Amino acid sequence: MKENLSEVLFKPRINVVETSTVSNSNAAQSTAIGQEEGRNWYRLLRREYWAWLGLDPIETERLFASIAMCDKPRTSELLDTIGGYQPGNWNYEWMQRAVGHQVKAKQAAEKGEQQQAYSEFLQASYSATVAAYPHFKGDDLATSAHALAHSNFVSAMEHSQYQCKIINVPIEGKQVPCYLHLPDTDSVKPVVLVSGGLDTIQTELYPFFERFLAPAGIAMLCIDLPGAGHCSHWKLQQDSSKIHLAVLDHLPEVPWVDHARVAMLGYRFAGNVAARLAFIASQRLRAVVTVGAPVDRLFTDIQRFQNLPQMYQDCLANRSGSNAGNTESLFYRCLPLSLKTQGILGGPRTKLPMFVVGRKNDAISPQTDISLLNMASSHCEVEMLKEVDSLENYNQIFTKVTHWLQKQL
């Protein structure tokens, strides 16, 4: 008899690649030395961000404790490097949480409890998304988690008050699925293209639409970065905005949005893409927002690059199809990602309005990058966040960004 999905997801499997080894041949040498706040974790624990998504912080801490206390063999001395799909493994623990929410969602749906089903399906999707974090191609467990995240997200949208359309964008003979979120289909809407960091996929971008853009009557089109999610077929390289340009080309074919009223918001590395588009696609956009965007120093200062957390170096290696085992080699491979090196920043300004969000003492997007972006547009507004990550930061900045976008669109 064929096993059902729950049986497959709960069944331990030992012979699978451990995430930290996927793009780093020296993963076994990883130590806790230099890790932020002295925590012995490979992954950056984004507690505040995951709480902002709606995941219960208490349940999250219990899950972390289960991983930390597990005595099974690890790839390195870092806590979340237990190999195999088994208790204590990062993916396993988060997938159990995802399946638990999925079961509750289906029960609620059967009872006709639409709002409860919607909430639980979202929780299942977000939990499976975190299970796949940091979303490496070549990580079989992440691939399984992505499938669960997307299926639960689609189920959540079936119970939502808002509309969700999957737009298949043609590029180089392939189709790139992108989620288009609409407040309604009563009229054609202005649209914001939204992408996240190197450790982000589409399913976790939805709260920005649900809480901010939808009440403002603005649509959101989510796009994965090259090398991640639905765009894993493409490598991250100097032409980082190739996929986004293909989306802009396709927008006139999408009947629910006004292709003449388009903006882009890029969080973290996607801010690099957004800043690039502000120059090479200025005629097709109304405005650009960057949040914590690395546009120069990270890719031109080898000491800053070498001080990056190992997970972030591995993300860059994974997206660009290289190995993070040799940091110096990876640095020179990533050097062309600097928009100043490309000649895009530091020269003539774009006339496109820009809203630049930075944070003090940010290793990825330092003050020099914020200054470069500020000088990039003749109509630029800069907002500096508090140094500490918090739910208040997220809500305040997205409220300001939404008001600004309403004026531009």
Side-chain angles (χ1 to χ4, degrees), residues 121-122 125-126 128-129 132 135-137 142-160 162-198 200-210 213-214 218-237 239-267 269-270 273-274 276-277 280-281 284-285 319 321:
F121 275 126
L122 277 182
S125 178
Y126 295 150
T129 298
H135 313 291
F136 289 160
K137 54 184 176 181
T143 300
S144 298
H146 286 154
L148 192 68
H150 285 289
S151 65
N152 277 284
F153 189 80
V154 169
S155 294
M157 294 303 99
E158 292 172 356
H159 297 275
S160 174
Y162 302 119
Q163 299 287 317
C164 179
K165 311 286 185 181
I166 297 179
I167 307 300
N168 291 306
V169 178
I171 174 172
E172 297 179 348
K174 294 183 174 64
Q175 298 281 322
V176 175
C178 301
Y179 289 129
L180 173 63
H181 299 285
L182 301 160
D184 58 64
T185 54
D186 297 340
S187 61
V188 173
K189 298 290 189 288
V191 62
V192 180
L193 312 184
V194 179
S195 297
L198 292 168
T200 305
I201 60 171
Q202 288 186 46
T203 49
E204 59 195 286
L205 301 175
Y206 180 67
F208 178 47
F209 170 78
E210 179 186 35
L213 294 182
I218 300 173
M220 178 176 82
L221 182 61
C222 301
I223 309 165
D224 286 317
L225 288 179
H230 290 308
C231 296
S232 59
H233 294 293
W234 290 271
K235 291 181 180 179
L236 182 65
Q237 51 192 0
D239 186 10
S240 59
S241 55
K242 176 194 299 184
I243 293 167
H244 290 74
L245 284 171
V247 171
L248 287 173
D249 288 341
H250 186 67
L251 272 186
E253 307 299 319
V254 180
W256 302 282
V257 300
D258 185 347
H259 68 274
R261 299 167 67 196
V262 184
M264 170 155 185
L265 182 146
Y267 175 80
F269 190 85
V273 175
R276 199 171 194 273
L277 288 176
I280 67 173
R284 292 192 278 175
L285 292 170
R319 306 305 177 231

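None of these values were measured; they are calculated from a predicted model. The basis for the numbers below is simple: all heavy atoms, side chains too, and nothing from hydrogens, waters or symmetry mates.
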Please report the interatomic distance [atom1]([X]) to [atom2]([Y]), rounded to the nearest 0.5 Å.
| X | Y | atom1 | atom2 | value |
| --- | --- | --- | --- | --- |
| I223 | M264 | CD1 | CE | 6.0 Å |
| I171 | L245 | CD1 | CG | 8.5 Å |
| R319 | D224 | CZ | CG | 9.5 Å |
| T200 | F269 | OG1 | CZ | 12.5 Å |
| K137 | K235 | NZ | NZ | 7.0 Å |
| K189 | L213 | NZ | CG | 13.0 Å |

Nearest heavy atoms of [X] and [Y], plus distance in Å:
| X | Y | result |
| --- | --- | --- |
| E210 | Y162 | O-OH, 4.1 Å |
| T185 | L182 | CG2-CD1, 4.0 Å |
| V169 | A246 | CG1-O, 3.7 Å |
| G266 | A274 | N-CB, 4.2 Å |
| V257 | A219 | CG1-CB, 4.1 Å |
| C178 | C222 | CB-O, 3.1 Å |

Practice task
Mind running side chain to side chain donor-acceptor pair (under 3.5 Å) on Q163 and W256 for me, showing each step along the way?
Solution key: CA-CA 10 Å; Q163 299 287 317; W256 302 282; over 6 Å; no
Practice task
Start with the C-alpha distance between D249 and H259, add both sets of side-chain angles, then the distance that settles side chain to side chain contact (heavy atoms under 4.5 Å, CB included), and finish with yes or no.
Solution key: CA-CA 9 Å; D249 288 341; H259 68 274; over 6 Å; no
Exercise for the section: Check step by step if ring pair (Phe, Tyr, Trp, His ring centres under 6.0 Å) holds for F153 and Y179. Expected result: CA-CA 10 Å; F153 189 80; Y179 289 129; 5.0 Å; yes
Exercise for the section: Fit a plane to each ring of Y206 and H181, take the angle between them on a 0 to 90° scale, and name the class: parallel (under 30°), tilted (30 to 60°) or perpendicular (over 60°). Expected result: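 Answer is tilted, since the angle falls between 30° and 60°.
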Practice task
Identify the residue among L248, V247, L221 that makes a side-chain contact (heavy atoms from CB on, under 4.5 Å) with V262.
Solution key: L248
Problem - Result of checking L198, I243, I201 against L225 for side-chain contact (heavy atoms from CB on, under 4.5 Å) - result: L198
Exercise for the section: Go through the steps to decide whether E172 and W234 satisfy the test side chain to side chain contact (heavy atoms under 4.5 Å, CB included), and finish with yes or no. Expected result: CA-CA 10 Å; E172 297 179 348; W234 290 271; 2.7 Å; yes
Exercise for the section: Check each of Q202, H135, H230 against H146 using the side chain to side chain donor-acceptor pair (under 3.5 Å) test, and report the only one that passes. Expected result: H135
Handout entry: Heavy-atom donor-acceptor pair, S125 side chain to F121 backbone, under 3.5 Å
Key =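 No: the side chain of S125 does not pair with the backbone of F121.
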Problem - Pair S195-V273, side chain to side chain contact (heavy atoms under 4.5 Å, CB included): steps then yes or no - result: CA-CA 9 Å; S195 297; V273 175; over 6 Å; no
Practice task
Check whether more than 12 heavy atoms from other residues, nucleotides or ligands sit under 6.0 Å from atom NZ of K165, and answer yes or no.
Solution key: yes
Practice task
With side chain to side chain contact (heavy atoms under 4.5 Å, CB included) as the test, would you mind laying out the steps for V188 and R261 before giving the verdict?
Solution key: CA-CA 10 Å; V188 173; R261 299 167 67 196; over 6 Å; no
Practice task
Could you please spell out the steps behind the side chain to side chain donor-acceptor pair (under 3.5 Å) verdict for S240 and K242?
Solution key: CA-CA 6 Å; S240 59; K242 176 194 299 184; over 6 Å; no
